[in-house]
Amino acid sequence: MAKSLSPKAENPRDFLNTDSLLAEDELLLRDTVQRYVNDKILPDVGEWFDEGVFPHKEVAKAVGDLGLLGMHLEGYGCAGSSAMMYGLACMELEAGDSGLRSFVSVQGSLAMFPIWAYGSEEHKEEWLPGMAAGSLIGCFGLTEPDSGSDPSSMRTNAKQDPSGDWVLNGTKMWITNGSIADVAIVWAKTDGGIRGFVVPTDSPGFSAPVIGRKVSLRASVTSELIMDNVRLPEAAALPGVASMRGPLSCLNEARFGILFGAVGAARACYEAALDYANSREQFGGPISRFQLTQQRLVDMMIQVQRGTLVAYHLGRMKDDGGLGPAQVSFGKKDNVAMSLRVAREARSLLGANGITTEYPVIRHMNNLESVYTYEGTNEIHTLMMGQALTGHNAFS
Ligand code: TGC
Ligand code: FAD
């Protein structure tokens, strides 16, 4: 009888027992979000993706009730959780769908964070409690049609007229949650530098048409923001920052969530491939008995486990206050690229079934193409790390 080489059975879903690196409250939070995703998202998300819809009201209320919106912020109805907890939530949400994690990251890290970090007391009291509860939705407008990787070239501008009011003009592009938002954080050039503006989306002159024909992140709303002489009171400008540091610091927060989220998507693809390989039979037995299939599964498993370790390490660094932007780039670049590789390999392992949304893999794979591009493309993160290594700016 063949003797097993290992004294105990490794868990194929957590081979290195990375769970042992998490504290009890972290595991509890992780399991709660996982249960929500399994029960309320996975049964329907394939259909949402097929139909290009995202039931934002129900989802916003549910994730608000779970305390996930702006969960890493303190006060104003926010949970005040650790960075690690926020990362774990993102991991589980993205195991459901990148669109779900996008919704939560944009709300918490890109719309609530700038209000929390740079807003006036009035901004915080007016917006944050409702946003934490999910009854108000936010979006973040930085990218423009001609200004993507280089946001400091933006054309959107705000001018103050003699009354003190701001008049905002310009177009933002590819804005997650744009058409469903109650409030947009819009970054614009002013005579005093780049400022963030808190723009209620019912302001006259503001519109947010949906961007259609997407084959990625279909269960997520992506929009243009058009500002045509939008008049705002003087107090609409975020008082705490007047440079690119404002929007770029928000990106750090969201990129941190993404480096966890991408692992969740990769794990979902790997697990789908493992289950499929054990059940699909060819040449008289399960395809998991072929050496080549085992090599593919082992490669996927190693990549997912490595990505998990990187995420947990960066999570601990952030909670200790020692995580710099170029280290966030390490995680965003590497974990998203890893996730896309795993998704493509899993897609191929599922054969023809891999091309249908009956299975989650191609949905994740297509979503990850957006994740690879947004929040700083793979190349931009390479250059951020290159600059940290060498001191040379190779962006232009
Ligand atoms: P640079 O001249 O280097 O710096 C300007 C000011 O910003 C500060 N800074 C940062 N602060 C905090 N965090 C960072 N990561 C920072 N990077 C720079 C810097 O210290 C300086 O501060 P100060 O006070 O001296 O003025 O900036 P730059 O304009 O040359 O930009 C450099 C570059 C290329 C890295 C940056 O533009 C960049 O990251 N580009 C990528 C654009 C991007 O990621 N866009 C994302 C849009 S949002 C999105 O995609 C949401 S998807 C949401 C979803 O659905 O999940
Ligand atoms: P470009 O900047 O035009 O880049 C094109 C290519 O050139 C890329 O491969 C890039 O890596 C490469 N490149 C650019 N500069 C360099 C360089 N210096 N060296 C080498 N290569 C370079 N933005 C928001 O503000 N808010 C949102 O909520 C938001 N949500 C999004 C949702 C989705 C689904 C998507 C797809 C995008 C979203 N974005 C959002 C926009 C996103 O951040 C941008 O798409 C991204 O920053 C890249 O900009 P770009 O698409 O204009 O590409």
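Here, residue 1 is the first one in the sequence, and each next residue gets the next number. One-based numbering, in listed order, for ligands and for the atoms of each.
- The atoms of ligand 1 that sit less than 4.0 Å from any heavy atom of S249 are 12 (C), 13 (N).
- Shown in contact with T176 at under 4.0 Å from a heavy atom are these atoms of ligand 1, numbered in order with element: 54 (C), 55 (O).
- Among L251, I175, V221, the residue whose heavy atom lies nearest to atom 45 (N) of ligand 1 is L251.
- Proximity to F395 (heavy-atom distance under 4.0 Å) selects the following atoms of ligand 1: 34 (C), 35 (C).
- When hydrogens are left out, the protein atom nearest atom 27 (O) of ligand 1 is L248 CD1, 3.8 Å; that is the closest non-hydrogen contact.
- Here F260 and Y86 keep their ring centres 6.0 angstrom or further from each other.
- W116 and Y76 have their aromatic ring centers separated by at least 6.0 angstrom.
- Using a 4.0 Å cut-off between heavy atoms, W174 makes no contact with ligand 1 at all.
- Note on E24 versus R30: no salt bridge recorded, every NZ/NE/NH1/NH2 to OD/OE distance being 4.0 Å or above.
- The ligand atoms of ligand 1 that sit less than 4.0 angstrom from a heavy atom of S152 are 29 (O).
- Residue F395 has at least one nitrogen or oxygen atom sitting less than 3.5 Å from a nitrogen or oxygen atom of ligand 2, judged on distance alone.
- Protein heavy atom at the shortest distance from atom 15 (N) of ligand 1 is N252 OD1, 2.9 Å.
- Using a 4.0 Å threshold on non-hydrogen atoms, atom 36 (C) of ligand 1 counts as touching the protein.
- A 6.0 Å sphere centred on NZ of K214 holds more than 12 heavy atoms belonging to other residues, nucleotides or ligands.
- Looking at E379 against ligand 1, nothing comes within 4.0 Å, counting heavy atoms.
- From the protein, the heavy atom lying nearest to atom 23 (P) of ligand 1 is S243 OG, 3.9 Å.
- By the criterion of a heavy-atom distance under 4.0 Å, neither the backbone nor the side chain of D150 is placed next to ligand 1.
- Scanning the protein heavy atoms around atom 22 (O) of ligand 1, the nearest turns out to be R245 CB, 3.7 Å.
- Applying the 4.0 Å criterion to heavy atoms of G148 picks out, from ligand 1, the atoms 42 (C).
- Taking a cut-off of under 4.0 Å to the non-hydrogen atoms of L217, the atoms of ligand 2 that pass are 34 (C).
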